[in-house]
Undergrad: 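One structure, pasted below without further comment.
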Amino acid sequence: MDLSLSETQLMLRKTVEDFIARDANRDKLIELQQTPRGYSDEIWRAASELGWVGMMIPEQYGGGGSDFSTTAVVYEALGKGPVPGPMFSSGILAGQVILQAGSEEQKKQFLPSIASGDIVATLAMTEPDYQWGPAGVRLRPTESGDQYVLNGTKLFVYDGHVADWLIVAIRTGDGADDISLLMVDTKAAGVSARKLDGFTTSESEITFSNVKVPKANLLGKVNGVKAALDRALLYATPILCAYKVGGGQGVFEMAVQYSRDRVQFGRPIGRFQFVQNHIVQLVNHLDAARWTLNEALWKLDTGQDARVGVHLAKTLASEGYRKACDYSHEVHAGTGIMRSYGLTLYTRQSRSLYAALGDPRYHRKQIANLIETIE
Amino acid sequence: MDLSLSETQLMLRKTVEDFIARDANRDKLIELQQTPRGYSDEIWRAASELGWVGMMIPEQYGGGGSDFSTTAVVYEALGKGPVPGPMFSSGILAGQVILQAGSEEQKKQFLPSIASGDIVATLAMTEPDYQWGPAGVRLRPTESGDQYVLNGTKLFVYDGHVADWLIVAIRTGDGADDISLLMVDTKAAGVSARKLDGFTTSESEITFSNVKVPKANLLGKVNGVKAALDRALLYATPILCAYKVGGGQGVFEMAVQYSRDRVQFGRPIGRFQFVQNHIVQLVNHLDAARWTLNEALWKLDTGQDARVGVHLAKTLASEGYRKACDYSHEVHAGTGIMRSYGLTLYTRQSRSLYAALGDPRYHRKQIANLIETIE
Amino acid sequence: MDFKPTYTPEQEAFRKEVRSWLEAHVPNVEGDRDSDENYAKYRQLGRDLGARGWLRPTVSKDYGGGGLNFEQSVILYEEMDQYGLGLPPYYDSGGWLGGASILVWGTEEQKQRFLPPIFKGEVVTWQLLTAPEAGSDLAGTKTDAIRDGDDYVINGTKIYVGGSHKPDMLWTFTRTDPTGPRHKNTSWFMIPTDTPGVTIVPMDLLGDGGEGIGASVKNTVYFEDARVSAKNLVGGVNNGWQVATTHLELEHGGGGSIGRNKWFERAVQWSKTEKRNGRPLIEDAEARDRLADIFVLTEVSRLFGLRNYWMNRTHQKMSYEGSQSSYYRKLTGLDITTNLQELFGPASLINGGGFDFSEGTLDAYHRSAITALHPGGTADVQKVLMARRMGLGRDEAEAAGKTVE
Amino acid sequence: MDFKPTYTPEQEAFRKEVRSWLEAHVPNVEGDRDSDENYAKYRQLGRDLGARGWLRPTVSKDYGGGGLNFEQSVILYEEMDQYGLGLPPYYDSGGWLGGASILVWGTEEQKQRFLPPIFKGEVVTWQLLTAPEAGSDLAGTKTDAIRDGDDYVINGTKIYVGGSHKPDMLWTFTRTDPTGPRHKNTSWFMIPTDTPGVTIVPMDLLGDGGEGIGASVKNTVYFEDARVSAKNLVGGVNNGWQVATTHLELEHGGGGSIGRNKWFERAVQWSKTEKRNGRPLIEDAEARDRLADIFVLTEVSRLFGLRNYWMNRTHQKMSYEGSQSSYYRKLTGLDITTNLQELFGPASLINGGGFDFSEGTLDAYHRSAITALHPGGTADVQKVLMARRMGLGRDEAEAAGKTVE
């Protein structure tokens, strides 16, 4: 048993932290949140060149071939920024879907350019009639020779508006799992993308209007990708959790610092037990998310059945990030809601990412479904 | 609009309080909890003679004919004791079932002696394969001429071990609502009752072994009592809520007093914000239960549809009494768990009565079922 | 108990009068209720109501109120609520709160001078409470007002002030004896907005763009050698903290509210039109569970508000109830928005475009549930007040601040 | 990270040795594990383990421990946990905690005299911390030990002590300088139970009859002119608070734990045998939701305990983790029991008779979830400690108490 990080992992974390201090510190991020795209070229370049985008992609496809735990260390550090950009959407999620569902040829075609940051890909699964999971996929293409024709909408697609390629989940049969995955070039005629405003981060709406896609662009077989997609989600979800745990760590550290700096009634506010209570609850949520995640990562890295562990980690990461932000806001009071302060960078994410890859009720339900598999 | 209690109600409350101070004060109740029956003759005599048992029974049947709000005032005061005894089981719950489901002859037969305290009756509905509501009734009698023959068990019957008459819910058909109600004399051959030990108050197990009951003892028609039973539960439930709100008030007042009396670190503990937080949460739970109940009582007294209001009140009374006790225990720390102190009298009730007439999840589900009826 | 007034025929007649008057006068607006155009319409409604004495119905006519009784005020609130409006029908909590303090603490001259314009809806007033250095610790303000001849000269900064449309008057409390003993060194002032040296600058906040009329923005107000007549000092020199107890009591929820259960009603309505897998959301069992959870939370808030409204208007002795209502609403706001997000999914976060079924109101609520934790006393401050009023760890419970209405 | 030790062949061999030894020595008991007969069996198991050095595996052999390494201790804990037992396998938290304080603060002579009997399982020790006048405020004790020749004479009362079977030794800390400055006026003593003037009287508590071996009762201990040799004062005169920091750190959860998720496993098992409407409960969707909720709560507790076990045994620098684990377990106990009651219904409250499917363990848990809020530092005390360790409102975070193992 050894619950510490390895030397390599500590070094990697340091690299991310140094980058953040220089090119993605809080002041820069506060500026960036006002820009349409939400992230900078510096961020994307560093994430690509330093290998964070492609780190979970195997080396033979141009990636870093990192294990789950090591990847999580980097994404936790990014989440602590919180560093914005399509690193997770493209390098981790889309990368995993292609890796699990694609042919050897497709892997060679897409993965190296995803890893290098030359292209951005993202998974387009959810739809206006929202429901997480394959059952919610209702976009049914028509067929025209060796082409599919798409008409319809994908909604809440993270980073869709900056993507070069979309992995579009389509309905190709009536069974619950009868879905297929189609690589769609966003430059194809009839594809349009719009970033969604609101309490959102990088959610977008993708509209398909008579979009013609060669059937050769299918990832895997028609109606035969469910297992591969499940695997990809199982592998990508904990990395998203790590990003969220990092965010929780960020708002925790801000709260601790503020408890020391802010003086009211002649004392630092951290001496008031009401304030202490907020931070105690915050760190309990944070550590619950952190340690369930750590165990799930270890299970993945050692080839054990990690399904329940990942559902547990995602449940607590979503609930925990949200609660961590709420408690940090209670500590910061008015100061925390000023956009110039930086706390709301996290708050926005805690809401936006709450349901990404399934909300806590979805993941609790999966645990309930898997009760008998728990040893 | 007038949210105050009437003069009569205030007077009635005073009567109960005076009785408690004299014959059912905390010291006496602490002694009583060790006795097999759990309550004293003084209590039962006072409750009968002062009209609390029969107060919701109409005057023509020997009762007080009180409205819901006034009955609730008395039962809240009793709950604040917390005064033990079968007042609710017999006078309110059994009384309402007979009133709603019984024939004129049956009402004349049973209600006056229930109101006078000469007999104790109680509803025996739930069974080992527990589920609240008619669907959980599976005790199916055989028929023998003009008699029913009962074999089986009723479980968690409040005050069954001190009852003279049981209103036994039996299954007389295969439809979910195909149940009937049978008045069973506990002195009949083959009836045995056992008080259940544990974190319980007056729950009992009733066993029927070839118990012969005349069909004339049916309350209402075979398979035709569902509506009457629903009505009886709708009318009785808020009175149980009032008893629980009274209990919450009891543990609230104990916590406030202890916050003043107990000194640690040189200050009354009530000056510590952690302790304040417990009492704030306590009183919020208490008042949520209290005011939802008050509105439900008013709806019942004014002939409005009170179903959602009663489900809401019962949800919050069950959750609230439990939480109120938990928080009061946090305030009292070690002192609260001494049986000689009195707080655990309430705690036991908060658990024992949590699921009486349906637990909070059951009642939330009923609200969900009735969403469209909410104006 | 009686949760609804039993109305006399006379009162029912009054309701008819109110209803038909409102039908004729409540503006029909589209889009953002806080746009310049729409705000102006609500502002006019305020003036029209004020002219009839309906803006502050139970306040004496002598000061611009309606001189109406409790039941009549309930009727007015209920009928306004049918339009999703309160009294006043635009953002003037400054007038409501400051007016109360002037009623309790002002001289007769000050009441005559300040109150009728406010209560008749002619003047809009902002309250200035929070300072960068003094948030929960209001009495720690470092805004100073120093006597100079017949005037006071004010310097300092207040934040989280007002809304998106400039007011006519401001009120604040300031140190008039900067080195004097705490709670005995401040005074309370009414200040015309156009006073030289007063500058108003909008802030950039998470909660910007909410639903409140006139309330989608908050501001910083700077005082730089702003001169105010000593006649505008209300309640006596260095007695500002006492004057503040009145409006703080009301702001902490002691005034209560009458209103429907807005978020639950909206959620039910949207659940009928939004669909999942082709079926209305309301037919889904999980969705109904969420609606039930929202109902439970919102009903308690509604009843706490109603209880306080009755207690305040019928002069019951109040204890912790004001802060309880405020605290409960603040904290459950976070739970309600979580339930709403789980119920409606990510679409509940979107603002604008075809899939924004709530027309941005849910986005605004998600954000305002967070920002609402702090104004009018943080959630923690409400707990401090509740503890004092319950007398936790004290021999005696603290009395509630004196209010009038 | 590695959540399970990677065992060498040698270590696997050790596991086999442990396993077969335990098979031969762990008593097969029926019914109440705390009956006189069964307690004696577990007590014997403790002696047998102690004789092998397995009772405190990582403690040096010089003091009666096993001198084993971290991985071996994990193996021992894991194998004991298979029987639902810890180390020691009967109630001796007094020996575990007091032993640690003696290891850190005792003289060599005291270590040699006190520790081997404890670590070999020959002596059972109770800790005496809470007093009627001093609960959370431990340092406020009014139990006094006054020097008299070579002895100290002790007077005072301690409550919530020990269990159902009398121990051999007691330890407590007392004022040796009653009028001295707080935190610098107490000393820490080991006291033979048979000292004249020591009286032990059982208390009557809500939590009586729990599952712990030897732990179903708590006692009041009275000291009336009890004479204790000055040689039994550990850690120096008036240095008792320092000595206490060691066992307090461990008692607050800093020692961690290795164990399965007991309540979840039991709940699943019972859900397979208990029925609703003729079907196993586990087939019911609502029941499965409750099981999932219980799983979530209990897994976090298990992982906090595991993390602390690793941190403590591998000498990581600890901060708030001990109290966090303790606080989390205390608070979620209330939620877990609520879920269990909703899952299994009223039968979960029954103790005895045919319908008591849990054989009274659920009744005991319902009660102990409440009583467990307070011992070893109340939930509030754990929060105070967490706040200090995190350095909230302080320039520096407080360091954790010094422990040895």
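By convention in this document, chain letters (A, B, ...) are assigned in the order of the sequence lines, proteins followed by strands, and residues within each chain are numbered from 1. We use all heavy atoms of the structure for the numbers below, so side chains are in, but hydrogens, waters and symmetry mates are not.
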Undergrad: With sequence neighbours excluded, tell me which residues meet side chain to side chain donor-acceptor pair (under 3.5 Å) with D:Glu359.
TA: none
Undergrad: Where on B:Leu196 is there a heavy atom nearer than 4.5 Å to chain D: the side chain, the backbone, both, or neither?
TA: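 Side chain only.
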Undergrad: Hey, does the side chain of D:Thr298 reach the backbone of D:Phe295 with a donor-acceptor pair shorter than 3.5 angstrom?
TA: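 The answer is yes, because a donor-acceptor pair under 3.5 Å joins these two groups.
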Undergrad: Against chain D, label B:Asp359 side chain, backbone, both or neither, depending on which of its atoms sit under 4.5 Å from a heavy atom there.
TA: side chain
Undergrad: Taking side chain as everything from C-beta outward and backbone as N, CA, C, O, which of these in B:Phe265 sits under 4.5 Å from a heavy atom of chain D? Side chain, backbone, both or neither.
TA: both
Undergrad: Testing the 3.5 Å rule here: is there a donor-acceptor pair between the side chains of B:Asp159 and B:Ser202?
TA: yes
Undergrad: Give, as side chain, backbone, both or neither, the part of B:His332 having an atom under 4.5 angstrom from any heavy atom of chain D.
TA: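 Answer is neither: B:His332 stays 4.5 Å or more from chain D.
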Undergrad: Are side-chain N/O atoms of D:Asn339 and D:Arg290 paired as donor and acceptor at under 3.5 Å?
TA: yes
Undergrad: What part of B:Glu205 gets closer than 4.5 Å to chain D, counting heavy atoms only: side chain, backbone, both or neither?
TA: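 For B:Glu205, the contact with chain D is made by the side chain alone.
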Undergrad: Does anything in residues 370-383 of chain D reach chain B? List residues with heavy atoms under 4.5 Å apart, or say none.
TA: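 Within residues 370-383 of chain D, the residues that come under 4.5 Å of chain B (heavy atoms only) are D:Ile370, D:Thr371, D:Leu373, D:His374, D:Thr378, D:Ala379, D:Asp380, D:Lys383.
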Undergrad: May I ask you to list the residues in residues 346-358 of chain B that approach chain D closer than 4.5 angstrom, counting heavy atoms only, ordered by number?
TA: B:Thr347, B:Arg351, B:Ser352, B:Tyr354, B:Ala355
Undergrad: Could you tell me whether a side-chain N or O of D:Trp171 sits under 3.5 Å from a main-chain N or O of D:Gly94, the two making a donor and an acceptor?
TA: yes
Undergrad: In terms of heavy-atom proximity below 4.5 Å to chain D, should B:Gln33 be classed as side chain, backbone, both, or neither?
TA: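 Neither part; nothing is under 4.5 Å.
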Undergrad: For a quick test of reading the model, state the closest non-hydrogen atom pair linking B:Thr186 to B:Ala163 and the distance between them.
TA: OG1-O, 2.8 Å
Undergrad: Determine, for B:Asp129 against B:Arg138, whether the closest basic-nitrogen to carboxylate-oxygen distance falls under 4.0 angstrom.
TA: yes
Undergrad: For the atom pair CD1 (B:Ile269) and CD (B:Gln276), what is the distance rounded to the nearest 0.5 Å?
TA: 10.5 Å
Undergrad: Just to verify, what does D:Arg329 make a salt bridge (Lys or Arg N to Asp or Glu O under 4.0 Å) with, not counting sequence neighbours?
TA: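 D:Arg329: no salt bridge (Lys or Arg N to Asp or Glu O under 4.0 Å) contacts found.
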Undergrad: Where on B:Lys365 is there a heavy atom nearer than 4.5 Å to chain D: the side chain, the backbone, both, or neither?
TA: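 It is the side chain, since no backbone atom gets that close.
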